[in-house]
Chemist: 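Please find one structure pasted underneath; my questions will follow.
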Amino acid sequence: MSDQKISVAANPAVPATAAPRHRVDPLAIVVRFQSLIGLVLVAIGGVIFSPRRHGEILFLNPDNIANIVRAVSETGIIAIGMTFVIITAGIDLSVGAVLGLSSVVTASMMISGGFGLIPTILAVLVMGIVFGVVQGTISSRFRLEPFIVTLAGLQAARGLALIVSGNQYINISYGDGPGLAPPVFAVLGERLFDNTVPVATIVFIIFAAIATLLLNTTRFGRYVYAVGGNDRAARISGVPVSMVRISVYAITGFASALAGIVHAGQFNFGSANDGMGYELTAIAAVVIGGTSLFGGAGSMVGTVAGTIMLGALANILQLNNITPATQLLATAAIIVLAAVLQSLVRRREGLGR
């Protein structure tokens, strides 16, 4: 046996320093690209099962595609922010309620307060950031579970929205003068480039691009992955763990406020009930996009793909007159499958329980 080892090492065709080859895990590859694979499969399913009208595949109709990306723009913006939080092994259940609060404050400031467009947008975005900072600080400083803190934040945001709105819809009318919003705000509900691309989708894409650069090319992005991978090791290495955790909740608060502004602009009103259930859709998009619920892994590209996949799936079911209950069941099944695949990969890597 020893002679065989010596002869192999001496063979010039086999370098003595050659590293052992590691077996590629097909399941890990599937999990890594699960959102893109899922998006392709949903697109294929859409083509196959889509109703036809005069020989045209309705699913591929440009107006239908535009409706899909417009419909997912708000939850997509929130999901981008949620990705930062989940990579750090956290969660934020308040995002939908913060969207509702932001839509109400946006409408109220312009219609009742007489504020201009820029002051309104800046105030609402700062409000979202402050809301996120408060939640992140409470969770980090007092070592409370993010689930509990953000659940309380959900209730607080809904309560504030009810107070501001008086539990009434605040309709947005456009024009010059008291009680009217600046006409330029209506652009959020329009489409550009030959009336094909919704402005809300453009906001989503730009925000996703900025978040991708922040996560992948900056020191802060490296810190986010480090905290999610092993916060104790990150702290020993000099990473400001508490500040990173607070910052990711500030980003999610900003994203929720931005989505609330877009929501008010698209639908021309603000309501305390806006955004209900958006937190679950955003979490689903992030998980389906391949971001690990255990922290330390994830990507913005995956989140964007997961968001569009959910929107396309809902659209296919709607085109076939499938009930909303079935749509919820289908989404739930996909979330469970994505979580199970992540758990199996962790166990194979020796990281599971």
Side-chain angles (χ1 to χ4, degrees), residues 29-80 186-208 259 262-263 265-268 274-278 280-290 300-341:
I29 295 176
V30 170
V31 170
R32 182 177 180 183
F33 298 103
Q34 64 185 22
S35 60
L36 297 176
I37 294 172
L39 183 57
V40 171
L41 292 177
V42 167
I44 293 172
V47 173
I48 294 173
F49 297 106
S50 172
R52 267 69 169 173
R53 181 183 299 162
H54 305 301
E56 179 189 17
I57 300 174
L58 295 184
F59 178 75
L60 297 179
N61 182 279
D63 285 338
N64 186 62
I65 298 297
N67 286 333
I68 292 174
V69 293
R70 184 205 60 77
V72 303
S73 296
E74 295 171 21
T75 53
I77 291 170
I78 293 176
I80 291 297
V187 74
L188 288 171
E190 297 177 359
R191 297 183 182 185
L192 303 180
F193 307 112
D194 255 352
N195 200 32
T196 55
V197 182
V199 174
T201 301
I202 296 175
V203 175
F204 171 37
I205 293 172
I206 292 174
F207 185 55
V262 171
H263 183 86
Q266 285 200 96
F267 298 100
N268 298 323
D274 290 343
M276 280 193 172
Y278 278 29
L280 301 181
T281 304
I283 293 170
V286 175
V287 174
I288 291 170
M300 293 300 169
V301 173
T303 294
V304 171
T307 300
I308 297 174
M309 190 192 94
L310 285 177
L313 177 62
N315 181 260
I316 294 167
L317 297 176
Q318 290 168 5
L319 288 175
N320 286 278
N321 296 318
I322 305 298
T323 64
T326 304
Q327 296 177 31
L328 292 174
L329 290 173
T331 302
I334 293 173
I335 296 171
V336 171
L337 177 61
V340 168
L341 289 175

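Everything numeric here is computed off the predicted structure, so don't read it as measured data. Scope of the values below: all heavy atoms of this structure, side chains included, with no hydrogens, waters or symmetry mates.
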Chemist: Is there a side-chain contact between Ile202 and Phe193, using heavy atoms and a 4.5 Å cut-off?
Modeler: yes

Chemist: Please check: side-chain N/O of Ser50 versus main-chain N/O of Phe59, any donor-acceptor pairing under 3.5 Å?
Modeler: yes

Chemist: Quick one: do Val304 and Ile80 satisfy side-chain contact (heavy atoms from CB on, under 4.5 Å)? Show the steps, please.
Modeler: CA-CA 8 Å; Val304 171; Ile80 291 297; 4.0 Å; yes

Chemist: Distance from Leu58 atom CG to Ile316 atom CD1, nearest 0.5 Å?
Modeler: 12.0 Å

Chemist: State, to 0.1 Å, how close Val199 and Val187 come at their nearest heavy-atom pair, and which atoms those are.
Modeler: CG2-O, 3.1 Å

Chemist: Would a 4.5 Å heavy-atom cut-off, applied to side chains only, mark Leu310 and Val72 as touching?
Modeler: no

Chemist: With rounding to the nearest 0.5 Å, note down the distance linking OG1 in Thr326 to CG in Asn321.
Modeler: 11.5 Å

Chemist: At their closest point, which heavy atom of Pro51 faces which heavy atom of Leu319, and how far apart are they?
Modeler: CG-O, 3.3 Å

Chemist: If you round to the nearest 0.5 Å, how far is CD of Gln318 from CG of Leu313?
Modeler: 9.5 Å

Chemist: Mind checking the CD1-CG spacing from Ile308 to Asn315? Nearest 0.5 Å is all I need.
Modeler: 12.5 Å

Chemist: How about Phe204 and Val69: do any of their side-chain heavy atoms sit closer than 4.5 Å?
Modeler: no

Chemist: Say whether, by atom type as modelled, one donor and one acceptor occur between the side chain of Asn320 and the main chain of Phe49 under 3.5 angstrom.
Modeler: yes

Chemist: Determine yes or no for a side-chain-to-main-chain donor-acceptor pair under 3.5 angstrom, with Asn61 supplying the side chain and Asp63 the backbone.
Modeler: yes

